[in-house]
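I have placed the structure first, in the form of structure tokens, so that the comments after it can refer back to it.
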Amino acid sequence: MRYVILGKTGLEISELGFGGIPIVRLDRDTAIQVLRRAYENGITFYDTANAYRDSEEKIGRAFDGVRGKIVIATKTFQRSAINATKQLENSLRMLKTDYIDLYQLHQIAQEKDWQAVTAPDGALEAVIKARDEGKVRFIGATSHNLSMAVKLVKTGLFSTIQFPFNFIEDAAKDELFTVAREMGMGIISMKPFAGGMIDNAEIAIKYLRQYPEAVPIPGYDSIDSVEKVTSYYQRPNVVTDNDRKLMEKYRRELGKQFCRRCEYCQPCPNGVMITMAMGYKLVASRMSPAVSVNFSRLAMESVKHCTECEVCIERCPYELPIHDMLKVNYELYEQHLAMNR
Ligand code: SF4
Ligand code: SF4
């Protein structure tokens with residue numbers, strides 16, 4: 001494991017980070033074991049969020065006593081100063097610390113988010129105040145929207161930018177990375193396995209290691225997953241022709257109609273279980289039709305209630321044609337149902 005400097009923050013962190021979402025699925029003791037194994041294997045950068053249920057609390061408990069040896073990034077979805085301050089205080093309590101190394105404004109995707117956080121009494125004002133008081137060392141932002149991420153970087157207000165980056169979602173490597181590098185910002189790559197769509201961790205990491213300026217934060221849900229991913233960092237990175245072919249195969253199969261399962265489109269006003277229904281094609285490609293119809297029945301039946309209102313499309317950071325994609329998946333589901341009658 002190498003240690004790198006996170007942009008102009010000057011913070012030294014492991015070249016591989018730890019994403020705090022999957023530990024919410026684990027019971028507390030297992031989560032703590034996973035976190036501690038990550039630390040033993042050299043990971044010193046932990047990214048979480050107030051919104052990730054008990055993730056902050058688990059991190060706080062796991063690293064009580066070694067706080068000074070790790071770098072903690074967390075974030076707030078709140079847009080107003082008063083609510084952001086409340087969340088920050090809560091994060092400090094959960095994380096058992098009196099300072100956050102990197103406090104990020106979470107998912108600034110649309111112009112309205114930007115307007116809200118920068119308004120008088122907006123969240124940014126509260127976070128700057130917290131920095132002045134020493135509760136926050138550096139301020140960052142996260143986004144799933146490329147043009148907004150570029151805009152955030154160009155404001156010069158943030159020390160880091162966090163954006164999805166993997167060999168399927170690789171748009172960030174051009175303008176975003178270039179501008180962020182020019183501004184001396186730290187870059188954090190979220191969703192290094194495309195939200196679970198890339199089930200070959202080795203090639204995912206091989207791809208990411210070609211961009212050492214961007215620190216990936218995979219999630220880990222077991223000690224084995226920590227061992228596996230950290231082991232890739234114990235050898236030089238060699239991307240073979242075969243790896244490239246495999247990546248290309250994933251790209252072809254997932255195509256541009258790729259739902260990242262980020263859930264920002266939810267809830268549907270008509271009760272459609274959008275994310276699960278969007279994933280039906282993938283589920284069906286991995287299971288038999290009989291298993292996939294049973295597995296996804298509830299979600300696929302909910303698609304019947306779609307009125308094509310497009311509320312979800314307005315919320316989707318990737319502007320996916322959601323109701324058209326749902327329709328295609330529903331047709332496939334009906335075919336599978338017919339095969340099993
Ligand atoms: S378009 Fe369909 S799935 Fe999307 S919010 Fe409207 S009803 Fe729900
Ligand atoms: S449809 Fe869009 S917003 Fe909804 S989960 Fe998929 S990528 Fe996210």
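Any value given below was found using the heavy atoms of this structure, including those in side chains, with hydrogens, waters and symmetry copies removed. All ligand and atom numbering here is 1-based and tracks the order in the structure.
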NZ or CZ of R67 within 45° of Y99 ring axis and under 6.0 Å
yes
Among I274, I313, N270, V311, which residue places a heavy atom closest to atom 7 (S) of ligand 1?
N270
Checking R209 against Y233: charged group under 6.0 Å from the ring centre and within 45 degrees of the axis?
yes
N/O/S atom of C268 under 2.8 Å from atom 8 (Fe) of ligand 1, yes or no?
yes
Just jot down the ligand 1 atoms closer than 4.0 angstrom to any heavy atom of C306, in number order.
1 (S), 2 (Fe), 3 (S), 7 (S)
Flag yes if more than 12 heavy atoms outside K8 fall under 6.0 Å of its NZ atom; otherwise flag no.
yes
shortest atom 4 (Fe) of ligand 1-to-protein heavy-atom contact is with C312 SG, 2.3 Å
Does any N, O or S atom in C265 come within less than 2.8 Å of atom 2 (Fe) of ligand 2?
no
for atom 6 (Fe) of ligand 1, nearest protein heavy atom and its distance come out as C309 SG, 2.3 Å
With a 4.0 Å cut-off on heavy atoms, is I322 in contact with ligand 1?
no
Shortest non-hydrogen contact from V272 to V303?
CG1-CA, 4.1 Å
Salt bridge present between E57 and R93 (N-O < 4.0 angstrom)
no
How does P269 reach ligand 1, by side chain, by backbone, by both or by neither, if only non-hydrogen atoms under 4.0 Å count?
side chain
Decide, yes or no, whether a salt bridge links K129 with E133 under the criterion of side-chain N to carboxylate O below 4.0 Å.
yes
List ligand 2 atoms under 4.0 Å from M278, heavy atoms only on the residue side.
1 (S)
Here the pair of heavy atoms bringing A123 nearest to Q78 is CB-O, 3.4 Å
